[in-house]
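Accompanying notes for the structure given below.
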Amino acid sequence: MKSLFKIIILCCLFFCPGHSLAQGDKDKVEAIRVNFISERLKLTTNESEKFWPVYNEYNDKVKAVRKNLRQSLKKAPEELSDKEAEDLYQLDLKTRQAEFELYKQYRDKIKAIIGAKKTMKLRSAEEDFKIEIIKNIKDKSD
Amino acid sequence: MCVGTIFLFSTQIKAQATVDSLKVKLPKHYFKTVIVVDGYNKANQKFTDTNDFTAKRLKSYGLKQFSLSFYTPLVSYTDVDTVKHTTKNTHILLTGNYMRLRPVFEGIKQHDLIKMGFGLRFIFNSGKKGVWFVDTSPFITRDATYTSQGYFRMASTIVYSHNVSERFNWRIGATKSFMWGNKNYWPFIGLRFGRLDKVHLSIQFPRSINLNVPVGPKLTMSFYTKPQGGMYNFSNHDSIYYLSNASTFSYTRYELNSGFRADVRVNDKFNFYVAGGISSKNNITFYSEKANKARQNLPYRTYFFKENLGPTIFLNLGLVFKFGKTRTFYKDRNMYDVMDLNNTIDVGDNNGGAGNPQIPITPKSKKDINLQSVQDLIDYNDF
């Protein structure tokens with residue numbers, strides 16, 4: 001049992017590198033955002049059980065598409081060859097296009113589940129959350 | 001109408017084609033691979049029955065238990081019904097458990113009893129209100145310290161779980177378990193009041209009663225009562241079974257543990273828990289399967305040693321390691337229930353448990369949000 005205590009302390013030290021903390025922060029923001037949206041939308045039980053799997057899937061896909069681009073943007077532009085810069089430019093455009101197309105595809109699905117009015121409410125909740133976050137960061141930096 | 005349908009269809013194909021052309025990898029599974037290292041100790045108690053030969057010989061009884069268990073997703077299949085707008089999913093998980101139980105008898109040498117096995121569980125989320133759960137956990141028990149015959153046993157459970165609302169759930173099913181000290185077939189009846197990510201009371205007969213209180217996104221406290229126990233093979237090296245020259249006899253135990261537990265979520269890869277409390281109804285029996293089988297037309301469960309000891313204290317510590325990227329399921333109450341079912345019915349019929357390491361708990365504070373954590377949400381133009 002004493003050795004298990006020691007292992008707990010070691011694991012806490014070992015499993016807390018910077019990356020995990022950053023990931024934890026992102027998860028935390030995501031949880032707050034989802035909660036904010038949920039409180040605003042006031043979905044019925046029936047709507048909720050259909051809406052959240054679709055909305056989660058949409059967010060997963062958008063995050064994956066953005067992460068893919070972000071990983072490619074790690075190299076400083078000055079270090080890129082012409083060919084690499086062209087490839088990156090195409091990837092950037094494709095990513096934007098994919099994001100928009102995913103947005104359209106999933107908003108259509110969401111509209112079919114919760115209706116146009118609540119879909120617009122979702123849009124407004126997403127925007128309001130951004131404003132709250134910006135205010136929060138601004139307050140912290142003041 | 002026809003033109004509209006063709007347009008919608010072509011847009012969907014195009015969207016898929018753009019995402020596909022980016023060769024983006026999406027997580028396949030909802031479940032992480034979870035490894036749990038668990039240590040459980042129960043304080044030593046003196047046998048008070050001075051007339052019993054075996055009790056006098058054994059002198060006292062305590063427990064030291066170590067277990068290593070895991071579950072990992074093998075198959076995850078999601079099916080979206082575009083007409084009813086439901087998202088069904090099926091999960092097949094491989095489970096494994098290795099347990100070393102050391103019953104501490106002051107009067108005899110130490111025995112390490114091993115229980116190990118691999119199992120499979122199948123979980124189906126209907127996408128509406130119901131979740132089906134089927135688990136089979138075959139295992140072998142043997143005495144690793146001295147020569148003994150290994151014994152094959154199998155625990156299994158089938159449960160249907162119905163989410164009436166976020167705040168109320170009922171479950172019904174059947175379970176074959178050894179946690180009450182012998183092979184028992186029980187009905188499984190469960191009730192939950194409260195949301196899984198908030199304060200909730202969960203009554204899961206015959207496994208546990210839990211009151212869970214999330215203190216924050218990093219800490220969950222729970223108050224619980226649950227049985228722990230099992231059947232093990234014990235070598236007769238010390239000639240405890242004095243009526244026969246059998247090499248092995250059966251040792252069964254159960255106790256009812258009531259206490260509190262603190263689950264600490266260190267990060268997305270590691271959790272740990274500490275639990276402690278009172279262990280009551282401490283039961284221990286020894287019997288010979290061979291002798292019992294020979295006693296035709298007489299009751300099968302005849303013990304050559306049986307004791308019920310008074311309450312004592314127990315301590316339980318556990319490390320939970322989580323690996324892999326998974327799909328998100330925020331506010332998806334059926335997926336929360338899928339996760340809860342998987343953790344309520346513990347791997348390997350030990351009735352321990354990893355807690356619910358994957359159910360997200362919403363933080364209350366927005367104060368320590370930094371720019372890096374919101375880069376997916378905010379564009380430059382938003383400022």
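Basis for what follows: all heavy atoms, side chains included, without hydrogens, waters or symmetry-related copies. Order of the sequence lines fixes the chain letters, A, B, ..., with proteins taken first and strands second; residue numbering starts at 1 for each chain.
Annotation: B/Lys64, atom NZ; neighbour count of heavy atoms from other residues, nucleotides and ligands within 6.0 Å does not exceed 12. For B/Phe193, the CZ atom sits in a packed shell: over 12 heavy atoms of surrounding residues, nucleotides or ligands are nearer than 6.0 Å. More than 12 heavy atoms of other shown residues, nucleotides or ligands fall within 6.0 angstrom of atom CG in B/Asp79.
Residues B/Tyr330 and A/Trp52 come closest through the heavy atom pair O-CB, 3.6 Å. Across all their heavy atoms, B/Lys128 and A/Glu49 have their closest contact at O-OE1, 3.2 Å. Between A/Asn56 and B/Asp332, the shortest heavy-atom contact is ND2-CB, 4.3 Å. Summarising the geometry of B/Val164 relative to A/Thr45, their closest heavy-atom pair is O-CG2, 4.4 Å, with the distance given to 0.1 Å. Nearest approach of A/Asp60 to B/Arg327, heavy atoms of both residues: OD2-CA, 3.4 Å. The minimum heavy-atom distance between A/Ala64 and B/Lys25, with the atom names listed, is CB-O, 4.2 Å.
Between the NE2 atom of B/His85 and the CG atom of A/Asn46 there is a distance of 10.5 Å, given to the nearest 0.5 Å. Residue B/Thr86 holds its OG1 atom at 9.0 Å from CD1 of A/Ile113, rounded to the nearest 0.5 Å. Rounded to the nearest 0.5 angstrom, A/Lys63 NZ and B/Leu26 CG are separated by 11.0 Å. Separating the NZ atom in B/Lys331 from the OG atom in A/Ser48 is a distance of 8.5 Å, to the nearest 0.5 Å.
At a 4.5 Å heavy-atom cutoff, the contact between A/Asn68 and chain B is made by side-chain atoms alone. Contact of A/Glu57 with chain B is made through the side chain alone, with heavy-atom distances under 4.5 Å.
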